[in-house]
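Heads up: the structure comes next, in structure tokens.
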Amino acid sequence: MEILIVLALIIGAFFLLDRKSWRHDTPPSESQVVEPLRPRPSPSPINRPPPPVARQGTRLPQEEVVFGRAYVTDGDGLRIKGEEIRLFGIDAPEFNHPFGKKAKWALLGLCKGQDVMAIAAERDNHDRLVARCFLADGRDLSAEMVKLGLALDWPKFSGAIYDRFEPPDVRKKLWLADARQKGRMDVWKKFEAQQQARNTAKAH
């Protein structure tokens with residue numbers, strides 16, 4: 001009798017072990033299949049110009065891009081889709097200053113019939129977007145105006161990236177813009193007083 005009980009226990013244990021191995025060999029059902037986690041591909045970098053260097057004004061939360069036909073306001077100012085835009089890093093003569101009209105017409109010639117992409121990181125104290133502006137062929141409008149000798153690099157805001165494009169003696173030519181960069185606004189006041197005196201003399 002004791003032998004039978006031992007045999008029964010051995011047979012029972014063998015059956016349980018065989019069943020357990022059978023369960024492991026059985027392929028899982030579709031509901032039990034778990035897909036392995038796959039790493040997400042990192043986004044490809046966008047080929048775009050570097051953002052402007054910070055200048056005095058209000059920093060934008062992120063870069064703002066404006067694209068379209070440009071209406072030229074002066075030698076370093078544009079309007080695109082209602083946004084007033086100041087060309088980054090340069091200083092062109094005011095419209096009523098020597099070479100001011102020529103600077104405006106030069107910028108107009110560059111932009112005529114073309115779409116302009118403005119990449120802004122900041123607004124200045126006049127609520128204008130300060131932007132690096134590019135033509136469809138990749139030309140930087142700030143660099144082009146400096147090359148033409150109708151604008152000066154403004155190192156304080158540009159980091160002197162346009163300095164190498166300045167023609168020789170251009171600062172003597174654009175002496176009022178140069179005076180502004182040096183904080184010599186007394187030179188401006190003197191010029192404007194002389195200009196007003198001439199206009200008054202003509203009127204009489």
Side-chain angles (χ1 to χ4, degrees), residues 43-167 170-171 173-181 188 191-192 195:
S44 58
I46 299 174
N47 293 324
R48 64 175 357 181
V53 177
R55 60 176 290 147
Q56 187 176 2
T58 304
R59 193 76 179 175
L60 299 173
Q62 61 183 16
E63 286 180 11
E64 187 169 337
V65 179
V66 185
F67 181 78
R69 293 297 169 96
Y71 172 80
V72 174
T73 55
D74 56 27
D76 53 19
L78 305 170
R79 188 181 302 123
I80 303 175
K81 294 183 177 177
E83 280 283 5
E84 294 286 343
I85 295 169
R86 170 74 185 269
L87 295 187
F88 164 74
I90 66 169
D91 189 20
E94 300 297 315
F95 189 71
N96 63 331
H97 286 184
F99 300 100
K101 293 182 178 67
K102 190 173 182 179
K104 178 180 177 178
W105 297 126
L107 185 57
L108 180 63
L110 288 167
C111 297
K112 188 175 181 180
Q114 297 203 53
D115 288 325
V116 175
M117 180 175 66
I119 303 175
E122 187 170 47
R123 287 188 181 274
D124 67 10
N125 293 329
H126 302 285
D127 200 37
R128 297 174 298 187
L129 290 174
V130 180
R132 294 191 71 176
C133 297
F134 298 87
L135 299 175
D137 59 8
R139 282 182 294 166
D140 182 337
L141 287 177
S142 295
E144 294 304 310
M145 290 300 292
V146 174
K147 289 176 185 177
L148 291 171
L150 293 170
L152 300 178
D153 174 58
W154 201 332
K156 178 181 177 182
F157 302 125
S158 71
I161 62 174
Y162 302 116
D163 179 69
R164 66 186 186 277
F165 299 128
E166 287 189 1
V170 69
R171 289 188 173 267
K173 171 184 170 181
L174 305 181
W175 54 278
L176 282 169
D178 184 58
R180 169 162 53 188
Q181 291 190 20
W188 273 47
F191 172 82
E192 290 174 353
Q195 193 176 48

Should T58 and L60 count as side-chain neighbours, where that means a heavy-atom distance under 4.5 Å?
-> no
Quick one: do K147 and D140 make a salt bridge, cutoff under 4.0 Å?
-> no
Steps toward side chain to side chain contact (heavy atoms under 4.5 Å, CB included) verdict (R86, D91) | CA-CA 10 Å; R86 170 74 185 269; D91 189 20; 3.7 Å; yes
For residues 95-115, which side-chain N or O atoms pair as donor and acceptor with protein atoms under 3.5 Å away, sequence neighbours left out?
residue : atom : partner : partner atom : Å
N96     : ND2  : Q195    : OE1          : 3.4
Q114    : NE2  : L110    : O            : 3.4
D115    : OD1  : R69     : NE           : 3.0

If we only count heavy atoms from C-beta on, is the D127 to E83 side-chain gap below 4.5 Å?
-> no
Checking salt bridge (charged side-chain N to carboxylate O under 4.0 Å, His left out) for the pair E84/R123: CA distance, chi angles, key distance, verdict?
-> CA-CA 10 Å; E84 294 286 343; R123 287 188 181 274; over 6 Å; no
CG/L141 to CG/L78 distance, rounded to the nearest 0.5 angstrom?
-> 6.5 Å
Report yes if some heavy atom in the side chain of D76 is under 4.5 Å from a heavy atom in the side chain of M145; otherwise report no.
-> no
Take atom OH of Y71 as the centre, draw a 6.0 Å sphere, and report whether it contains more than 12 heavy atoms from other residues, nucleotides or ligands.
-> no
Side-chain heavy atoms of R79 within contact of R128, under 4.5 Å = no
If you look at every heavy atom in L174 and A151, which pair is closest and at what distance?
-> CD1-N, 3.6 Å
Flag the pair S158 / I90 as yes when at least one side-chain heavy-atom distance between them is below 4.5 Å, and no otherwise.
-> no
Please tell me if the side chains of L152 and V146 come closer than 4.5 Å, counting only heavy atoms from C-beta onward.
-> no
Side-chain contact, heavy-atom cut-off 4.5 Å: L176 with F191?
-> yes
Distance (rounded to the nearest 0.5 Å) between E122 CD and F88 CZ = 9.5 Å
So, for V116 and A70, which heavy atoms are closest and what is the spacing to 0.1 Å?
-> CG2-CB, 4.0 Å
To the nearest 0.5 Å, what is the distance between CD1 (I161) and CH2 (W154)?
-> 15.0 Å
Please round to the nearest 0.5 Å and tell me the distance separating atom SG of C133 and atom CE of M117.
-> 9.5 Å
All side chain to side chain contact (heavy atoms under 4.5 Å, CB included) counterparts of P155, not counting sequence neighbours | D153, A160, R171, Q181
For G75 and L87, which heavy atoms make the closest approach, and how far apart are they?
-> O-CD1, 4.2 Å
R139 (side chain) donor-acceptor with A143 (main chain) under 3.5 angstrom | no
Measure the shortest side-chain to side-chain distance between I80 and I85 over non-hydrogen atoms and say whether it is less than 4.5 angstrom.
-> yes
